[in-house]
Each structure stands twice: as structure tokens, then as C-alpha cells.
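First the structure, in the form of C-alpha cells, and then the observations on it.
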Amino acid sequence: MKQKPTIVLGVTGGIAAFKAAQLTSNLIKKDMDVEVIMTKNATEFIAPLTFESLTKHNVMVSTFDRVADRSVKHIAIAKRADVFAIVPASANVIAKIVHGLADDMLTTTFLAASCPKIICPAMNTAMYENPITQRNIGLLKEYGMEVVEPESGFLACGDVGSGKLADLNQIEDAIIMACIKTKILSNKNVIISAGPTQEKLDPVRFLSNHSTGKMGIALAWCAKALGAEVTLIHGPIKERIPYGVNAIATPTAQSMLEAFQNQYETADVIIKAAAVGDYRPQNPSSEKIKKHEDSLSLTLQKNPDILAWLGEHKRENQVLCGFAMETEQMLENATAKRKAKNCDLLVANNLKQVGAGFANDTNIVTILSDSEPIELPCMSKRNVALRIWEEIISVMKTKGVLVC
Ligand code: CTP
């Protein structure tokens with residue numbers, strides 16, 4: 001049985017071909033086996049030796065390369081592929097693959113492969129915006145392929161516009177997500193909140209907290225990888241939004257509440273991982289507050305409790321998961337919060353524990369539900385997120401929201 005997922009990476013002729021080398025290196029560091037197939041034109045932009053050094057495999061260019069084991073190489077690779085990604089994908093190769101042309105090693109293997117396929121176009125703006133290319137890209141999607149849309153920016157030809165290869169982190173997300181075969185959350189809508197809120201004090205100051213949004217983002221990443229349609233309602237964060245996740249930025253508690261009020265009805269699952277400020281300045285100043293006296297008192301006004309609102313308005317077949325951050329009596333406080341806010345699940349952590357809480361890449365949590373509390377050891381936030389999803393999925397099954 002093979003241990004590592006096999007990613008077949010098709011590289012076509014375009015200036016962005018050099019970025020495929022960085023992507024290859026990133027995937028190998030994530031413990032993936034990468035097989036590279038290049039078009040002849042791609043070899044004009046970057047040498048096969050670069051990929052061979054990174055992957056420790058021969059790069060395939062011609063269908064008629066002689067191979068030692070005499071296997072039908074393109075069929076053997078197509079069968080082994082867990083994911084087939086073309087990065088960058090030129091207009092020419094896109095046109096060929098949507099029409100089933102197979103006239104070189106890349107297009108032949110691509111046609112023979114039945115695994116998930118990811119296409120990352122990169123080309124000059126006019127070529128990209130040409131209705132022929134747009135129609136072809138539409139066809140890729142109709143055939144069920146994932147298209148990681150290019151960005152706008154400065155292109156090698158000197159133009160500024162769309163057609164720039166998507167960010168490599170987004171492409172990497174799309175590839176790793178495609179390796180996860182269980183799409184148990186497909187057709188499910190998930191809304192997750194993440195990050196802090198910022199409450200304005202004057203034009204230069206605000207009240208906020210140390211949340212970075214990492215836990216909510218890890219939950220969003222996993223939900224997307226499991227096939228859900230995911231919306232992330234987030235406060236001011238610096239973290240990258242995962243590939244394919246819809247993002248709504250809400251700086252304050254009030255704006256976060258409004259975003260939830262607009263969206264919550266469509267959600268099968270809501271996870272409230274944001275660190276919402278409990279209070280805001282009652283009378284924010286429109287001018288900078290000047291220093292005069294030795295002390296200054298602020299009057300704060302209570303913010304709406306968004307999770308409590310969601311708990312009140314929860315539909316019978318909706319699953320609601322809250323978080324609780326405590327510094328003392330974690331279990332008692334968190335258990336009371338779960339009841340008071342009508343949550344199916346509540347994930348509690350003690351900020352005083354080393355490895356838990358804000359800004360870390362790890363967390364130590366206890367998951368509370370109608371069953372016994374589940375205490376998890378210190379784990380990466382991605383793994384904590386996966387465990388939380390296991391529990392949410394089990395509640396979804398109990399509620400009949402998921403039938404499988
Ligand atoms: N929460 C919320 N709106 C608020 C405050 C909190 O939606 N105004 C949510 C958080 O997103 C989290 C849960 O409520 O899912 C618990 O948040 P936490 O800060 O632990 O507790 P609080 O309810 O604010 O109570 P306290 O600050 O007294 O511990």
C-alpha cells in the first residue's frame with residue numbers, strides 16, 4: 001500500500017512555469033510524492049533537471065520516452081495519481097484538454113486520469129479574457145475540474161490585469177484539499193466566525209483582544225476540505241483565508257451580528273470561534289482624545305452576544321458549536337455557557353495552559369456535548385479542527401442532518 005499521496009503536476013509553457021518549482025518543493029515538504037510532466041514548450045522556460053532534483057523522479061515530456069520497466073508510462077502515472085494539477089495551465093493546453101486532445105505526454109496522461117483535477121490558468125490578460133478561453137474555462141468547470149482562478153497584477157508582458165498565476169498557497173490548499181477523499185460535508189453550508197473584534201474609541205484607537213483567527217481558519221480549512229460550502233465571518237485578521245472559503249469582514253461585534261443575521265438561516269452548521277469583545281466604548285470620539293488629566297475613565301456599553309442570539313434562533317436541524325475561553329474553573333464555566341447559549345457543542349480552552357489559546361499554532365481543548373467531555377492533548381490547530389469536525393459530524397448524524 002502506498003504511503004504518500006501522488007500528485008501529478010503538469011507544467012506548461014509560460015513564464016509562470018518557474019513558480020511550479022516552488023510549488024513542487026512545498027508539496028514535497030508536506031510529504032507528497034510529486035511526478036512532473038512538462039510540455040515541450042515548458043522546457044524552454046525551466047529545465048526538467050530542476051524538477052528532477054526536487055522530486056527524485058524523471059520528468060516526462062515525450063510520450064515516446066523509453067522507460068526501463070516497459071510499462072505504458074502515461075497509463076501507469078494516470079492510475080497512480082491522487083490529484084492531477086496543471087500549474088501553470090496555458091490557453092493552448094486548456095483548449096486541448098477541454099476538447100479531449102491528447103497529442104503529448106501531458107495531455108495524454110491527463111485524458112487517461114480519473115482522479116480530481118485542478119487547473120491553474122496563467123497567461124496574458126487579453127488571452128485570458130478572450131471569450132474563447134473563458135468558454136473553455138467554463139467547460140473545465142462543467143467537466144467537474146477545479147479551476148484556481150488567476151489573480152490580477154503585473155504580468156511578464158508588461159500588462160497589468162488578470163491572468164497572473166494564483167497565489168501558490170491557494171494552489172497548495174486546493175491540491176491538499178483534493179487529496180482528502182471523504183467529502184462528507186458536500187451540499188452542506190457552514191458558517192464560521194474567527195478573529196477578534198475592534199471597537200472604536202477615537203479615530204486612532206480601538207479596544208480589541210489578542211485573537212488571530214487561527215482556530216477559526218483551521219476549522220474553515222477542514223470544512224472546505226470535507227466538501228462544505230464555507231463562509232468565514234471574521235474580524236480584523238492577518239491570516240490567509242483558505243482556498244475556496246467565502247470571507248465576510250466584520251470589524252465590530254455589531255457588524256458581526258448583522259452578518260450572522262443575514263446568513264444564519266442557510267447554515268447547516270455554525271461555529272462561533274471569534275473572540276467577540278463583550279463591551280464597546282459608549283461614546284466613541286470623532287476626534288483624537290487628547291491627554292489632559294492623569295487618569296481617564298471610559299464608559300463601556302455591552303455588545304450583543306452573537307452566540308446567544310444564534311442559540312435563541314437555532315433551527316431544529318441546525319448544529320451550533322460555540323467556544324469558551326477561560327482562565328479558571330474551565331469545565332464549570334464552559335458547561336454553563338453551553339447551556340445558556342443553547343449550543344450543541346462547546347469547545348473550551350484554558351488560556352493559562354501552555355500551548356493553548358491565542359496566536360499559537362497549537363491548542364489544548366475540551367469538547368463538551370450531551371455526551372462525556374472529550375479532553376484532547378496539545379495538538380496543531382489543524383488537528384484540533386479535524387477532531388472538532390468529527391464531533392460535529394457525529395451530532396449531525398444524531399440530528400439526522402447527515403445521513404450516511
Ligand atoms: N460570544 C459572542 N458574542 C459575544 C461574546 C461571546 O458570540 N458578545 C461567543 C464567542 O464567540 C464564543 C462564546 O460566545 O463562542 C463564549 O465566549 P467567551 O468570551 O468565552 O465568553 P462570554 O460569553 O463572553 O462570557 P465571559 O466573557 O463572561 O467569560
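Keep in mind it's a predicted model, so treat the numbers as computed, not measured. Order of appearance sets the numbers: ligands from 1, and atoms from 1 within every ligand.
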Contact table, ligand 1 N/O with protein N/O, distance under 3.5 Å:
residue: ligand 1; atom: 3 (N); partner: I306; partner atom: N; Å: 3.1
residue: ligand 1; atom: 7 (O); partner: K272; partner atom: NZ; Å: 3.0
residue: ligand 1; atom: 7 (O); partner: I306; partner atom: N; Å: 3.3
residue: ligand 1; atom: 7 (O); partner: L307; partner atom: N; Å: 2.8
residue: ligand 1; atom: 8 (N); partner: P304; partner atom: O; Å: 2.9
residue: ligand 1; atom: 11 (O); partner: K272; partner atom: O; Å: 3.4
residue: ligand 1; atom: 11 (O); partner: K272; partner atom: NZ; Å: 3.1
residue: ligand 1; atom: 11 (O); partner: A274; partner atom: O; Å: 2.7
residue: ligand 1; atom: 14 (O); partner: K341; partner atom: NZ; Å: 2.9
residue: ligand 1; atom: 15 (O); partner: K272; partner atom: O; Å: 2.7
residue: ligand 1; atom: 15 (O); partner: F323; partner atom: N; Å: 3.0
residue: ligand 1; atom: 15 (O); partner: F323; partner atom: O; Å: 3.2
residue: ligand 1; atom: 20 (O); partner: M325; partner atom: N; Å: 2.9
residue: ligand 1; atom: 20 (O); partner: K337; partner atom: NZ; Å: 2.7
residue: ligand 1; atom: 21 (O); partner: K337; partner atom: NZ; Å: 2.8
residue: ligand 1; atom: 23 (O); partner: K341; partner atom: NZ; Å: 2.5
residue: ligand 1; atom: 24 (O); partner: D278; partner atom: OD1; Å: 2.9
residue: ligand 1; atom: 24 (O); partner: D278; partner atom: OD2; Å: 3.2
residue: ligand 1; atom: 27 (O); partner: D278; partner atom: OD2; Å: 2.9
residue: ligand 1; atom: 29 (O); partner: K337; partner atom: NZ; Å: 2.9

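- Across all their heavy atoms, V276 and A253 have their closest contact at CG1-CB, 3.6 Å.
- E258 and N262 form no side-chain donor-acceptor contact under 3.5 Å, judged by distance and modelled atom types alone.
- E229 and N246 are linked by a side-chain donor-acceptor pair at a separation below 3.5 angstrom, with hydrogens and angles left out of the test.
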Output side-chain donor-acceptor pairs under 3.5 Å for residues 111-125, partner residues at least two apart or in another chain, one line each.
residue: K117; atom: NZ; partner: F110; partner atom: O; Å: 2.9
residue: K117; atom: NZ; partner: A113; partner atom: O; Å: 2.7
residue: N124; atom: OD1; partner: A126; partner atom: N; Å: 2.9
residue: N124; atom: OD1; partner: M127; partner atom: N; Å: 3.1
residue: N124; atom: ND2; partner: D159; partner atom: OD2; Å: 3.1
residue: T125; atom: OG1; partner: S162; partner atom: O; Å: 2.8

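- No donor-acceptor pair under 3.5 Å is formed between the side chain of T133 and the backbone N or O of A91.
- K224 and D173 are not joined by a salt bridge, as no carboxylate oxygen comes within less than 4.0 angstrom of a charged side-chain nitrogen.
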